[in-house]
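Lettering of chains follows the sequences in order, A, B, ..., and the numbering in each one begins at 1.
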Amino acid sequence: MPRYNPATIEKKWQAYWEEHETFRSPRLPSGEKLYVLDMFPYPSGDGLHVGHPEGYTATDIICRAARMRGRSVMHPMGFDAFGLPAEEHAIRTNTPPRESTERNVANFRRQLKMLGFSYDWSRELATTDVEYVRWTQWIFLQIYDTWFDEALQRGRPIVELPIPAEVKAAGDAAVRRYQDEHRLAYQSEAPVNWCPALGTVLANEEVVDGKSERGGHPVERRPLRQWMLRITAYADRLERDLDALDWPESVKLLQRNWIGRSTGAEVDFYIGEGGTGGSPTSADLPIDVGSGLSTGGQATSGTPRDVRASHDRKPSEAAFVAWKAARAKSRYPKKPGEDVLRIYTTRPDTLFGATYMVIAPEHPLVDRLTPAARRESVEAYRQRAAAKSDLDRTELAKAKTGVFTGAYAINPVNGKPVPIWIADYVLMSYGTGAIMAVPGHDERDYEFAVQYDIPIVAVVDPGLEADVDRNAVLAGREVFTGNGVAINSPGYEGEVTPAFKKKITADLATQGLGREAVNYKLRDWLFSRQRFWGEPFPILHELDAAGNKTGLVRAVEERDLPVNLPHLDDYKPHGRPEPPLDKSPEEWLYPVIDGKRYKRETNTMPQWAGSCWYYLRYLDNENAERMVDPEVERAWMPVDLYIGGAEHAVLHLLYSRFWHKVLYDRGVVTTPEPFAKLVNQGMILGEVEMTGYRDAAGAWVSAREVKFGEDNTPVRKADGQAVEAVKIDPANAEKHGEGFVLKGNAAIQLESRAFKMSKSRGNVVNPDQVVREYGADALRLYEMFMGPLEATKPWSMDGVSGVRGFLDRAWRMIIDDRADDVRLSAAVCDDALSAEQNRVLHKTIKAVTEDIDRLGFNTAIARMMEFTNYFTKLDRRPRAALAPFVLLLSPFAPHIAEELWEALGHRESLAYEPWPTWDEAALVEDSIEVPVQVNGDDARGGEGGREDRGAIGGEADREGAGGAGAAGVFCGEVRGAGLGARGAARSGDWAQREYDIRRATHARIKWEYGLGTGSLSCSCFGRNGHDLRDDPH
RNA sequence: GCCAGAGUGGCGGAAUGGCAGACGCGCUGGAUUCAAAAUCCAGUGCCCGCAAGGGCGUGAGGGUUCGAGUCCCUCCUCUGGUACCA
């Protein structure tokens, strides 16, 4: 047998680890703890993807090495097991989703164990476990029980929420409603994708181009009562606390942008008292456009000619003046009154350039503002906008649309009336749902203004430096969004943008017209799904005598958790937009408590819920009393290293952080952040494919003549004719210039690239098959050897066989592969290490150790290959080098390492053997070549700081340096201390030579010394290969 | 559009501002073999040259530096993310 046979070795050691519970972590760490977490997988029916073991191997290496270095390691695994595919399967097969889920989990578990990861399997969990769901629901109740205290910036129990006297006076129900309005979990109407044909609500990703992904049926948006989580309350903290995290900057940036904090100002524009649209009141007399408040010369108030009408609704100057005076006394109100349109802007410095305003179609003031004469067109526009999905509003609709409401607001800074439009490029959900439009200095406003022929007034002078045509900007023919100097802004002329913003914001505040404001792109988290296969909400709706909901809810008592999913006779949609749980059995759906009948909440939680806190449950997964014992939590948290895919950079990581912060505020956890260090593994693509194209006639078409049309089919650029993509055997391709061409036909460019693995492309690599053919150790090693962990990289089966070759060589280096049993190779001996062998060993130890620390697994493996190449060549291979090598290899390829360790005479697993250490002194080479750059008139070496080479080089007058003076004389001065190898050579051991290198193109100095004695030999090469030693100066 | 990351041999990739291409794949030659596989040895960036040797080389162009794959600026290409957030 003793050829390397992973199939037997791997099974053997997996059984050993399992039997000995080798990787069980203690309840509490002893000594320094290390919590290393993998993003747990969704157990799909397809089994493990080769992308999974990439991060899992990386963390496993870290953990195994850390154990050997004496750390107490927590390394658990589990399953994110709720999810759509299981429910789809349930509908198709009419079996409970739990069944297929458990099957898939079992398969994933088998595959993970097959790869030899050192998880503590006793901590395994699945988010679908009934006991896990209990605590997910419990956390939801914590969130439900919490309100956010803005002053303290902290979540607090709802009982601590101050209740205003008038609410208290209105009675118990009013108090409860008031509390409900302030909870972090609250109900709200939110649109869902309702597909009448399928009779079900679809997730966003199931809707493609406004049609259902399955079947292509029309999808409409319908408002439905849903649960929301008030993540926006934590926006500030979620953003601020990113600073201290050891996360990739790109991920932090992604989260910052997602949170999207902006500072600016809210400003109130006066719209006049009064009535519900229609005819003007006494306060808002019709004013002829172009007269009155508008200033001469400039393009008046910007009402498009064709929509001007005398019955438009415009506040009178007198009313405005009165309002302004009142405001100066009353200050700026928290909530805008009926008489103003409140807008949010990040550019208060451009207030003087506002030539129109836009409110979102859903804005509550639309009705009130629109005069009767314009009702029709406004209403029509609103309906069109409402019918559009989010997608239509953005991608498809490039051109901006809108309609004039017929109303005007008065610009508070100059008293000018400004026409108010509605347009769907303004979103009700951001800011105040209304903007002042400054087409001169905002891209979107500019586009809109051009579209509807609205005047454009420049109020920021870009100056000459800016990247725009200044004259065009000043003339309103080009938009400029940068900072500049204020113009056309009476009272603020010449102010530079940042100072102007501050100043006018302060001025508006003193006049009670505005205030500084902060806004976030982040929206509250839509936390319910109309699905069966998710955690039920532990919420009961009160019913009145007639069986209708009263609007009041109560939480399920903690002792009654978990609320389990009911048994359903079938999982088919019931054809209404309400969640599937609506067809639950009566006894589940309508519990009776204290004689009162309730209806259970039938929405379920989204898949994110379970993954928000699993890292906490691992620590104490069998605790029936608490979600996690505080003592255990304090000892192990935070997670020291979290590795997973970049696709979770925003949502999962933001949601987890949010839950964690709520739990922190409520005293359940002790760290403000869950994941101290985060690393994203790169994507693994399929094997590189070579593609050529042929037209209908079968003639080759060069890849550069091909473009991709809609639906992503290739067509010829010239005539749009469809072409066929043909897979090309690499043997029929050759490199030509930048890319590949058809062999023998350089005119035909081919396309060479790797694609994402997908079933449809047929390029999915199955880990089971790789393990069968090459072994788990080879798969692990290959995944680490492919390239940097964070990089996207293509798969290559040849690469797998390459690392397998390394394992074979490592095996033969130690084992006699011709013997019948596992026996050491005859070359293995007990000799002492020669200086050179010792150096190779210590170099390897150092490199591998340091590479693991910086997650440079590919180079660590390269160093071990070098070790093997060196020692395999020797006829006598000392154990003293082989044994430490096996330990170094063990985190990467643990099965073969255990087997080799055993062959070397050890009886126990190497899992807790001390990690090898290196001795710097052993690394010193007694002969090094030092390159010296010579460059004619002024050749000096580097800074002289580099440990192994800096001794030569650096300016001539620098200590420990050699160099060439301006005259072109090379001074080879070498000091032993410059080597940085402590004790190997003492300072003072130096030699000096000078060579004339005026004719030299490069020089090479070879420095040889024994310990303590320095000597230098130098070869400098001139243009003709002339050795300059022959020509000393 | 915007944001982020990346462009180095035939391929995957190495290289704290200091000999570009470590290591692996592939390829070429040799040993072993009846033969093949496997294994071992040698070679392998490109161009010129029998050779010695020489020239050119890290997406393009500029710059900083004694010295740039590495730092700065401009541009090109690719990958990923994102979509009117006022």
Using Watson-Crick or G-U wobble geometry with both distances below 3.5 Å, tell me the partner of [N], or none.
{"N": "B:U39", "result": "B:A31"}
{"N": "B:G61", "result": "B:C73"}
{"N": "B:A20", "result": "none"}
{"N": "B:G26", "result": "B:U44"}
{"N": "B:G1", "result": "B:U82"}

Set of salt bridge (charged side-chain N to carboxylate O under 4.0 Å, His left out) partners for A:Asp851, sequence neighbours left out: A:Arg854
Apply salt bridge (charged side-chain N to carboxylate O under 4.0 Å, His left out) to A:Asp236 and list each qualifying residue two or more places apart in sequence or on a separate chain. A:Arg240, A:Arg261
Listed pairs, N/O of protein and of nucleotides 6-12 of chain B, under 3.5 Å:
| from | atom 1 | to | atom 2 | distance (Å) |
| --- | --- | --- | --- | --- |
| B:C11 | OP1 | A:Lys735 | NZ | 3.1 |
| B:G12 | O2' | A:Met786 | O | 2.8 |

Using the [atom1] atoms only, state how far [M] lies from [N], rounded to an integer number of Å.
{"N": "B:C48", "M": "B:G67", "atom1": "C1'", "value": "28 Å"}
{"N": "B:A38", "M": "B:G45", "atom1": "P", "value": "24 Å"}
{"N": "B:G17", "M": "B:C50", "atom1": "C1'", "value": "40 Å"}
{"N": "B:C56", "M": "B:A68", "atom1": "P", "value": "14 Å"}
{"N": "B:U58", "M": "B:U70", "atom1": "C1'", "value": "10 Å"}
{"N": "B:A36", "M": "B:C27", "atom1": "P", "value": "16 Å"}

Under 3.5 Å, is there a donor-acceptor pair linking the side chains of A:Tyr430 and A:Ser262? yes
Indicate whether any N or O donor in one side chain lies under 3.5 Å from an N or O acceptor in the other, for A:Ser429 and A:Arg523. yes
Does A:Lys400 make a cation-pi contact with A:Phe448, if we ask for NZ or CZ under 6.0 Å from the ring centre and within 45° of the axis? no
Does A:Arg761 qualify as a cation-pi partner of A:Phe755, given the criterion of NZ or CZ under 6.0 Å from the six-membered ring centre and within 45 degrees of its axis?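 So A:Arg761 does make the cation-pi contact.
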Would you indicate what [X] reaches in the nucleic acid, counting non-hydrogen atoms under 4.0 angstrom: base, sugar-phosphate, or nothing?
{"X": "A:Asp445", "value": "nothing"}
{"X": "A:Gly802", "value": "sugar-phosphate"}
{"X": "A:Lys873", "value": "sugar-phosphate"}

Qualifying residue, where the test is side-chain contact (heavy atoms from CB on, under 4.5 Å) with A:Phe785 and the options are A:Val800, A:Ile861, A:Thr859: A:Ile861
Value rounded to 0.5 Å, distance of CZ in A:Phe871 from CE in A:Met813: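 With rounding to 0.5 Å, CZ (A:Phe871) is 8.0 Å from CE (A:Met813).
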Tell me, please, which residues at least two apart from A:Asp777 pass side chain to side chain contact (heavy atoms under 4.5 Å, CB included).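 A:Asp777: side chain to side chain contact (heavy atoms under 4.5 Å, CB included) contacts with A:Tyr4, A:Glu10, A:Arg780, A:Leu807, A:Ala893, A:Pro894, A:His895, A:Ile896.
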For A:Gln749, side-chain hydrogen bond (donor to acceptor under 3.5 Å, both in side chains) partners two or more places apart: none
Under 3.5 Å, which N/O atoms of the protein pair with N/O atoms of nucleotides 36-39 of chain B?
| from | atom 1 | to | atom 2 | distance (Å) |
| --- | --- | --- | --- | --- |
| B:U39 | O3' | A:Arg812 | NH2 | 3.1 |

So, is A:Ser262 close to the B:A86 phosphate, meaning a side-chain N or O under 4.0 Å from OP1 or OP2?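 So the side-chain polar atoms of A:Ser262 do come within 4.0 Å of the phosphate oxygens OP1 or OP2 of B:A86, strictly under.
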OP1, OP2 of B:G24 versus side-chain N and O of A:Asn869: anything below 4.0 Å?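 Result: yes.
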Is it the case that the base of B:A22 and the side chain of A:Arg863 share a donor-acceptor contact (distance under 3.5 Å, atom types as modelled)?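 Yes.
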